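See structure below.
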Amino acid sequence: MASDGAEAPRVRFSPAPSGNLHVGSARTALFNWIHARKTGGTFILRIEDTDAATARPELVDQVLDTLRWLGTEWDEGPYRQSERADLYTAAVDKLLANGSAYRCDCTTEDVDARAQAAGRKTPGYDGFCRDRELPAATSTAVRFRTPDDGEVAFDDVIRGHVSFPAADVVDFVIQRADGSAIFLLANAVDDLDMRVTHVIRGEDLLNTVPKQLLVMQALGHDLPVYAHLPLLVDEGRKKLSKRRHSVGVNEYRERGYLPAAFTNFLATLGWGPPDGVEIRPMGEIVELFELADVTKSGAFFDAKKLDHFNGEYLRALDLDAFVEGVARFLPFAIDDRFRTLAPLVQERCVTFADAGEMVEFLYRDEPEIDPASWDKAMQGPAAEVLDAAIAEFEGVDAAGWNSGRLHEVLAAIGERLGLKLAKAQAPVRVAVTGKSVGPPLFESLEVLGRDATVARLRAARSRLGPS
RNA sequence: GCCCCCAUCGUCCAGAGGCCUAGGACGCCGCCCUUUCAAGGCGGUAACGGGGAUUCGAAUUCCCCUGGGGGCACCA
């Protein structure tokens, strides 16, 4: 890398501080991070909070926290645009001075009204104030003067050559009337100032490139290389919306997904390793990753596939790590009973949050009966099974109360009643755990203990009524 | 309305002119294993949007159409 003497790459992730980081943003952050690691470059974090109206300083920490959880640690920053206003003002002054920008006092209403009067169907500014030479005032914003003809073109690492007719790029605001900078300006100035070499971001920003290129050129600097990632879309192929989906990374974090599984999955959205092995350590992904290999079309965030990834990662955890990780998702403290069942629970979890469901029966005085499970299990010879189980289990002495023994006992009962073990265990399972699914029954009963087991069987039997 | 981008199984990726009767993964279906449920094993379903052109040969190149998406703010 950098054998041509070029400087090491510098990339940046520049989220707006909107709190709960969007999964699409997380993917963008990840790809930036991967590219930096791959190339020995620097990953810069910059918070884009130039809009005082929407900036929520208190939410910045949440973004940082999420990034840390994902493992996409930054090398430089975080910078905050709200603290760099002088830089933007200086840039605007320079553009004003060299004729690249001018003041404008048109309101949005003025612009729309003129467009309507002129019968134009294309929205946008018409250059009304270009030559009015307005003085600075509290009501004037600053607009960038775009070329009237020619084209603005660039080579995107992922998309190839992209060009726009310059005439379609209307004069745009770079500084608000209150003197604050607009994203287009701040973003360009910062990329220049931070010597960013590769701008890796979502495709929704592809259309802003010409404007930013124009600003950068007017400021007289070398231009960064752009790479626009395909958007993450919903099942309707629309940009993932906060309205209808769990698009916040925090939701996944709270539901017990593992950061390694989550980032591994994100890495397969818009990119795939050449050998087709999708589930693998991030270190390998970093090695294999090439920005130019990124796909061009939108990718659906498939929660089912994420679940599969997470299940794989969860099962790969050693037992201690699983127990430690699952702890904060359980509504009760980890004890020996949980530890005993843990290996069986781990095998059956997709996320940490699933574990509680499987063992909660241990921590209640009485099982919470699921009606559907009850109806299904308490049919046919259920009463006989329960009666026999009560009688037999009661006779097992405390020292012999273990899963192997219980297995034998219930198998014998089943045999006597002409039932397969699977059938015979159903009423017992529901009576004791309240559900028709869960960890293996005999291990569960062993951990629950004889007295509690028998008490629950009796309770279920009486609830069942006379046979 | 205008501009830009995109187009392989339901989904995510492979495929950079012959190796493709298109491969892997998730999902789904079936079978096996089995103490329920998972996990695991085995098998199956399923795609190159349409039309031209180039070529001996096109999923791969070019053009048009269609379809989808994104953008066009004193938001980012």
Side-chain angles (χ1 to χ4, degrees), chain A residues 14-18 48-51 53-55 81 104 106-108 111 120-125 139-143 156 159-160 162-165 167-170 172-178 180-184 186-187 202-210 228 230-231 233 235-239 265 268-279 295-302 304-309 311-312 315 344-350 354 358 373 377 403 406-407 410-411 414 420-426 428-430 433 435-444:
Chain A
S14 50
S18 59
E48 310 233 316
D49 54 358
T50 57
D51 183 21
T54 58
Q81 291 190 325
C104 167
C106 298
T107 63
T108 306
V111 175
R120 283 188 293 118
K121 298 204 166 170
T122 304
Y125 187 67
S139 62
T140 59
V142 176
R143 281 184 189 275
D156 188 284
R159 271 146 228 293
V162 182
S163 76
F164 298 76
D168 289 330
V169 184
V170 301
F172 55 98
V173 172
I174 53 177
Q175 185 182 66
R176 299 186 183 85
D178 68 5
S180 64
I182 288 288
F183 152 78
L184 291 165
N187 190 274
E203 195 197 343
D204 50 343
L205 294 170
L206 188 62
N207 294 293
T208 70
V209 176
H228 287 86
L231 254 24
V233 300
E235 52 277 79
R237 298 259 112 205
K238 301 245 191 294
K239 191 167 141 181
F265 172 65
T268 67
L269 260 25
W271 179 81
D275 60 8
V277 179
E278 296 183 309
I279 296 182
T295 303
K296 295 183 176 115
S297 49
F300 172 55
F301 186 92
D302 187 350
K304 285 227 180 88
K305 190 160 179 179
L306 201 214
D307 281 348
H308 178 259
F309 274 50
E312 293 279 338
R315 286 188 293 276
L344 301 173
V345 171
Q346 181 179 8
E347 275 182 67
R348 293 164 170 75
C349 283
V350 167
D354 296 337
M358 287 183 221
S373 296
S403 61
L406 298 173
H407 189 324
L410 195 64
K420 280 188 177 171
L421 186 54
K423 275 282 183 206
Q425 62 130 31
V428 175
R429 173 182 292 283
V430 174
T433 71
K435 298 193 249 292
S436 56
V437 300
L441 180 64
F442 306 115
E443 287 76 359
S444 298

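By convention in this document, chain letters (A, B, ...) are assigned in the order of the sequence lines, proteins followed by strands, and residues within each chain are numbered from 1. Being a predicted model, the structure only gives us computed values, none of them experimental.
- Salt bridge absent: A:Lys296 and A:Glu203 never bring a charged side-chain N and a carboxylate O closer than 4.0 Å.
- Residue A:Pro165 is classed as a sugar-phosphate contact, given heavy-atom separations below 4.0 Å to backbone atoms only.
- Residue contacts for A:Ser163: at a heavy-atom cut-off of 4.0 Å it reaches the sugar-phosphate backbone alone, with no base atom in range.
- Across all strands shown, A:Ser403 has no heavy atoms under 4.0 Å from either base or sugar-phosphate atoms.
- A:Arg159 comes within 4.0 angstrom of sugar-phosphate atoms only, judged by non-hydrogen atoms across all strands, and of no base.
- Contact annotation for A:Ala299: backbone-only contact, meaning every heavy-atom pair under 4.0 Å involves sugar-phosphate atoms and none involves a base.
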I'd like a table of atom pairs between the protein and nucleotides 23-26 of chain B - only N or O on both sides, under 3.5 Å - with the distance next to each one.
from  : atom 1 : to       : atom 2 : distance (Å)
B:G24 : N2     : A:Glu278 : OE2    : 3.4
B:A25 : O2'    : A:Glu278 : OE1    : 2.9
B:C26 : OP1    : A:His308 : NE2    : 3.2
B:C26 : O2'    : A:Lys305 : N      : 3.4

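- Base contact: A:His407 has a heavy atom under 4.0 Å from a base atom.
- Phosphate contact (OP1/OP2 of B:A73, side-chain N/O of A:Thr108, threshold under 4.0 Å): absent.
- Heavy-atom distances to RNA chain B give each of A:Gln175 and A:Ser297 a nearest nucleotide, and the one nearer the 5′ end belongs to A:Ser297.
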Point to revise | Verdict with supporting geometry, A:Ile182 and A:Thr50, side chain to side chain contact (heavy atoms under 4.5 Å, CB included) | key: CA-CA 7 Å; A:Ile182 288 288; A:Thr50 57; over 6 Å; no
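- Between A:Phe309 and A:Thr268, some side-chain heavy-atom pair lies under the 4.5 Å cut-off.
- Across the C1' atoms, B:A46 and B:G24 are found 14 Å apart, a figure rounded to whole Å.
- Base engagement by A:Gly438 is indicated by at least one non-hydrogen atom pair under 4.0 Å involving a base atom.
- For A:Arg143, a side-chain nitrogen or oxygen approaches OP1 or OP2 of B:C74 to under 4.0 Å.
- Checked by atom type and distance alone, the side chain of A:Arg159 pairs as donor or acceptor with a backbone atom of A:His228 at under 3.5 Å.
- B:U60 and B:A53 are spaced 15 Å apart, taking the P atom of each and rounding to whole Å.
- Across all strands shown, A:Ala177 has heavy atoms under 4.0 Å from base atoms, whether or not it also approaches the sugar-phosphate.
- With hydrogens and angles ignored, a donor-acceptor pair closer than 3.5 Å exists between the side chain of A:Arg348 and the base of B:C37.
- A side-chain donor from one of A:Ser180 and A:Arg176 sits under 3.5 Å from a side-chain acceptor of the other.
- When heavy atoms are screened at a 4.0 angstrom cut-off, A:Thr433 is found touching no nucleic acid atom at all.
- Rounded to a whole angstrom, the distance from the P atom of B:U11 to that of B:G69 is 14 Å.
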**Study point:** Protein proximity profile, nucleotides 65-71 of chain B - base contact B, sugar-phosphate-only contact S, no contact -, cut-off 4.0 Å on heavy atoms
**Key:** ---SSBS
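- A:Thr295 contributes a side-chain N or O that, together with a main-chain N or O of A:Gly270, makes up a donor-acceptor pair within less than 3.5 Å.
- Salt-bridge annotation for A:Lys239 and A:Asp204: present, with a side-chain N of the basic residue lying under 4.0 Å from a carboxylate O of the acidic one.
- Ranked by how close their nearest RNA chain B nucleotide is to the 5' end, A:Leu421 and A:Gly270 are led by A:Gly270.
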